There are 2 protein chains.
Amino acid sequence: MRQTDAIAEKLNKAGLRPTAQRLALARVLFDGGDKHVSAESLFEDVAKSGLSVSLATVYNTLHQFKAAGLLRELAIEGDRSYYDTNTSNHFHFFNEEDGALMDIDPTTLKIIGLPALPKGKVIDRIDVIVRVKKA
Amino acid sequence: MRQTDAIAEKLNKAGLRPTAQRLALARVLFDGGDKHVSAESLFEDVAKSGLSVSLATVYNTLHQFKAAGLLRELAIEGDRSYYDTNTSNHFHFFNEEDGALMDIDPTTLKIIGLPALPKGKVIDRIDVIVRVKKA
DNA sequence: TTACATGCAAACTGTTTGCAAATAT
DNA sequence: ATATTTGCAAACAGTTTGCATGTAA
C-alpha cells in the first residue's frame, strides 16, 4: 500500500521506529486533512480503526510526534491538550459551545503593529485563537 | 482605609459578600498594576500578606471573580490555569523559558483580514499569545 | 436566623512513569 | 542480540466537591 509506505517513511525520517502502534496512530492522524485531536479523541479514533493502542502509548506517541515536529500542541483550554497535524504557521477559530477547532488561513489574517520584543528574545511563534459563540 | 473600602465596594457591586478571605484575595489581585496569577501563586501571595486562605477557597474565589467579570482566564499551557486582572481587550507576550507573561497594548497591535465567521457565530474574544524565547 | 462562605479531606481528571514483557533492527 | 517500545497499573498534579463549621446580613 502506497499510503502505509509513505507513513512508514515519515516515521523513519523522524527517527521513530515504525511500530504497529505508531503506524496505526500516524495513519489516523496523517490521512489527509488537517486534524485537531486530544489524547482521548485519538485513542477512540484509533480504536475504531482496528488495532487497539493503550492510552499511555497514545500519550507517549503524541509527545514523540510533537518532539519530531510532526504535530504542534495547542493551548485552548486549561483542562486538556490538543494537537494539530498542521505544523505550519496558521491560526484558529474555537467554537466555545462544542469545542470545535477550525484553521484560519494565515495568508488572509495579518498581525500588524507588534511592539518591540523583550530584550534578547526572539519569537518562537504566535498563537491566535478567535473564540466564537452563538450569536 | 480608602483602599479597602474601594475593594469592598467592588465586591459588593459584583454581588459577592466582602468576606475576610475575598477581601484578602482582592487586595492582592487589585492593588494597582495588572497581574497574571495561577491558583498556586495567588495562594502563596495571599499567605505572605497575613491571612491564610485555603487553597480550595482560592480556587472557588478565582471562579467567582471570573464569573463576575473581575478576572479573565488565560489558556497558556495545558497544565495550569492563569488569571489576568486586566479584563479589557489586550494581548500577551509569553516567555517560554520562565513562564512570565507581559501585556501587549491593544492600540498598537492590530489584527486585519479576519475571515468570515462560521454561520450564526459572533466573536467572544480574540486571544493572541506571542511566544518568545532566548535569541 | 437564614442563606451563603470556608476549610478540610476525599474524590476526580488528565497526564506521567516504573517496570516486565514484547518487538524492531 | 540489543536497544527500543509497549501496556498495565500505580503515581502524580492540578482542580473540584461534599459536608460540617463559621460568618455576613
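Reminder, nothing fancy here: chain letters follow the sequence lines and each chain counts from 1. Quantities reported herein were computed from a predicted structural model and do not represent experimental measurements.
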Test Asp124(A) against Val132(B) for side chain to side chain contact (heavy atoms under 4.5 Å, CB included), laying out the working first. CA-CA 5 Å; Asp124(A) 183 35; Val132(B) 301; over 6 Å; no
Is any side-chain N or O of [X] closer than 4.0 Å to OP1 or OP2 of [N]?
X        : N       : answer
Gln21(A) : dG7(D)  : yes
Thr57(A) : dT6(D)  : no
Ser38(B) : dG14(D) : no
Arg80(A) : dT13(C) : no
Ser54(A) : dG7(D)  : yes
Thr19(A) : dT6(D)  : yes

How many Å lie between [atom1] on [X] and [atom2] on [N], as a whole number?
X        : N       : atom1 : atom2 : result
Leu55(A) : dT15(C) : CG    : P     : 9 Å
Tyr83(B) : dG14(D) : OH    : P     : 14 Å
Leu11(B) : dA25(D) : CG    : C1'   : 15 Å
Asn60(A) : dG14(C) : CG    : C1'   : 14 Å
Gln64(B) : dT15(D) : CD    : C1'   : 15 Å
Leu51(A) : dA22(C) : CG    : C1'   : 14 Å
Arg22(B) : dT23(D) : CZ    : C1'   : 11 Å
Tyr59(B) : dA5(C)  : OH    : P     : 20 Å

Minimum heavy-atom separation for [X] to [Y], with atom names?
X        : Y         : result
Leu51(B) : Ala24(B)  : CD2-CB, 4.1 Å
His90(A) : Ile104(A) : CB-O, 3.6 Å
Thr87(A) : Gly69(A)  : CG2-O, 3.5 Å

Working for side chain to side chain donor-acceptor pair (under 3.5 Å), residues Asp127(A) and His92(A): CA-CA 8 Å; Asp127(A) 288 341; His92(A) 293 98; over 6 Å; no
Using a cut-off of 4.0 Å on non-hydrogen atoms, how would the nucleic acid contact of Asp79(B) be classed: base, sugar-phosphate, or nothing?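 Sugar-phosphate: the residue Asp79(B), judged by heavy atoms under 4.0 Å, touches backbone atoms but no base.
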Taking the nucleotide of DNA chain D with the nearest heavy atom to each, does Ser81(B) or Arg17(B) sit closer to the 5' end?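 By nearest-heavy-atom nucleotide position, the 5'-most residue is Ser81(B).
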Out of dA5(C), dT25(C), dA9(D), whichever nucleotide has its closest atom nearest the side chain of Ala56(A):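 Out of dA5(C), dT25(C), dA9(D), the nucleotide with an atom closest to Ala56(A)'s side chain is dA9(D).
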